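One structure is given here, and the rest of the page talks about it.
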Amino acid sequence: MRIRIDDDFDLEKIRDSGQCFRVEPFEDGTYRFISSNQYLYIRRSSPGYYQVKCRRGAWDKFWRVYFDLDRNYHIIRSHIPASDPFLQAAAQAGRGIRILRQDPWEMLITFIISQRKNIPAIRKAVNQLARKYGKPIDTGRELIYSFPTARDLARAGHNGLAGCSLGYRLPYIECAIDMVRSGKLDLTRLEGLPLDEIKEALKTVQGVGDKVAGCIALFGYGRTDAAPVDVWISRVIKENYGGIDPFTAYGQEAGIMQQYAFYYIQHVLRQA
DNA sequence: TATCAGGGCCTAG
DNA sequence: CTAGGCCCTGAT
């Protein structure tokens, strides 16, 4: 199926932006995405046009939401004031990134794993979990695995999980599984709550601090008013903004600005 | 082959 | 509030 996307949209940058860790690029420019029990093969065919393959109806119902396509990032970028040259440059570099609306449970586990790991290491651990304990999905092109549910991971047991390179995060993951299975943490109920309440609820899980909770809010609940501060962003705040966080001033766009900044540091400034 | 830091969090002082 | 430890991996 051929579809048109008018707004900023860059598959490579999305894959490299560090919000998703299971996207697979292929030689011919196709990218394969997995989320919940859905899959998507997508390739740019000409400027603004994409060839997509997914389940019937899933593009409109699922993937448009996933890629946040009802929001105009072009306009958001154009509103960055000249008084903020750093973010102007960052947004220029990161043009094409979108904030992905992913599954909260998957984000919870993924971002617990992410701490003190680099992106390749996160990819490896998350994919290993999926391969071992997710459910197989036949896309017609290949066999892929859904991200394991809390129940799937409970079935894996302590010994199963111990073989997944989780290191000191293992008890954190086990805590998350227990809390979700017992109902002490109801991820569905958090949908639509104020950001502070979402984060507070998430932080009742061992191993979830402010940064990880912010990432889950942003990438799992689409709360773009969340702008999680990691070591890199923290350095930018110190070195480029005199220690004063510039992101919160962007309100509902704070998280988008944070993503531009993060991409910019990782892919542009780091080379220089 | 060895060494080090990596998209944090927890706990102790 | 600050410092160290934590388990494992990828990068030098």
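In what follows, chains carry the letters A, B, and so on, assigned in the order in which the sequence lines appear, proteins first and then strands, with residues in each chain numbered from 1. Because the structure is predicted, anything quoted here is derived from the model rather than measured.
- Here the two rings, on F9(A) and Y73(A), have centers that are 6.0 Å apart or farther.
- Atom CD1 of residue I216(A) and atom CG of residue L202(A) lie 4.5 Å apart, to the nearest 0.5 angstrom.
- Put simply, V268(A) and V231(A) are part of the same group of oily side chains (I, L, V, M, F, W, Y) that touch within less than 4.5 Å, one to the next.
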Got a list of side-chain donor-acceptor pairs under 3.5 Å for residues 166-180 of chain A, not counting sequence neighbours?
from, atom 1, to, atom 2, distance (Å)
R169(A), NE, I113(A), O, 3.2
R169(A), NE, Q115(A), O, 3.0
R169(A), NH1, L166(A), O, 3.0
R169(A), NH2, Q115(A), O, 2.7
E174(A), OE2, H158(A), ND1, 2.8

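- The aromatic rings of Y241(A) and F247(A) sit tilted, their planes meeting at an angle between 30° and 60°.
- For the pair L202(A) CG and dC9(B) P, the interatomic distance rounds to 12 Å; values are reported in whole Å.
- One hydrophobic cluster holds both Y260(A) and I233(A) under the rule that ILVMFWY side chains link at heavy-atom gaps under 4.5 Å.
- The nearest heavy atom of DNA chain B to F21(A) and to V205(A) marks one nucleotide each, and the one closer to the 5' end goes with F21(A).
- Side-chain polar atoms of T139(A) and Y41(A) form a donor-acceptor pair below 3.5 angstrom.
- Atom CD1 of I233(A) is separated from atom P of dG8(B) by 11 Å (rounded to the nearest Å).
- Using a 4.0 Å cut-off between charged nitrogen and carboxylate oxygen, R101(A) and E191(A) count as a salt-bridge pair.
- No hydrogens or angles considered: a donor-acceptor pair under 3.5 Å links the side chains of S17(A) and Q19(A).
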Which pairs of donor and acceptor atoms, one on a side chain in residues 55-67 of chain A, lie under 3.5 Å apart (sequence neighbours left out)?
from, atom 1, to, atom 2, distance (Å)
R55(A), NH1, N37(A), O, 2.3
W63(A), NE1, Y39(A), O, 3.4

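- A donor-acceptor distance shorter than 3.5 angstrom exists from the side chain of Q258(A) to the backbone of P228(A), with no hydrogens or angles considered.
- In this structure, K203(A) and C215(A) both approach DNA chain B, and ranking their closest nucleotides by distance from the 5' end singles out C215(A).
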Q: Using a 3.5 Å limit on both pairing distances, list the dot-bracket string of DNA chain C from the 5' end; Watson-Crick and G-U wobble pairs count, crossing pairs take [ ], interstrand pairs take |.
A: ||||||.|||||
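- To the nearest 0.5 Å, the span separating CZ on R43(A) from NZ on K53(A) amounts to 14.5 Å.
- Atom C1' of nucleotide dC9(B) and atom NZ of K199(A) are separated by 14 Å, given to the nearest angstrom.
- Going from atom CD1 of I113(A) over to atom C1' of dC9(B) covers 15 Å, rounded to whole Å.
- Only Y168(A), Y172(A), listed by number, bring a heavy atom of residues 155-173 of chain A to less than 4.0 angstrom from any atom of DNA chain B.
- Look at the P atom in both dC7(C) and dT1(B): the space between them is 24 Å, to the nearest Å.
- Exactly one of R98(A), R77(A), R71(A), R95(A) qualifies for a salt bridge (charged side-chain N to carboxylate O under 4.0 Å, His left out) with D8(A). That residue is R77(A).
- First and last contacting nucleotides of DNA chain C toward chain A (any atom under 4.0 angstrom from a heavy atom, 5' to 3' order): dC6(C) to dG10(C).
- As a whole-Å value, the separation of I265(A) CD1 from dG6(B) C1' is 15 Å.
- If you check every strand for non-hydrogen atoms under 4.0 Å, S17(A) touches a base.
- For S182(A) (side chain) and K184(A) (main-chain N/O), a donor-acceptor pair under 3.5 Å exists by modelled atom type.
- Residue F111(A) is classed as having no contact, given no heavy-atom separation below 4.0 Å to the nucleic acid.
- A heavy atom lying under 4.0 Å from DNA chain B marks the following residues of residues 115-124 of chain A, by number: Q115(A), R116(A), K117(A), N118(A), I119(A).
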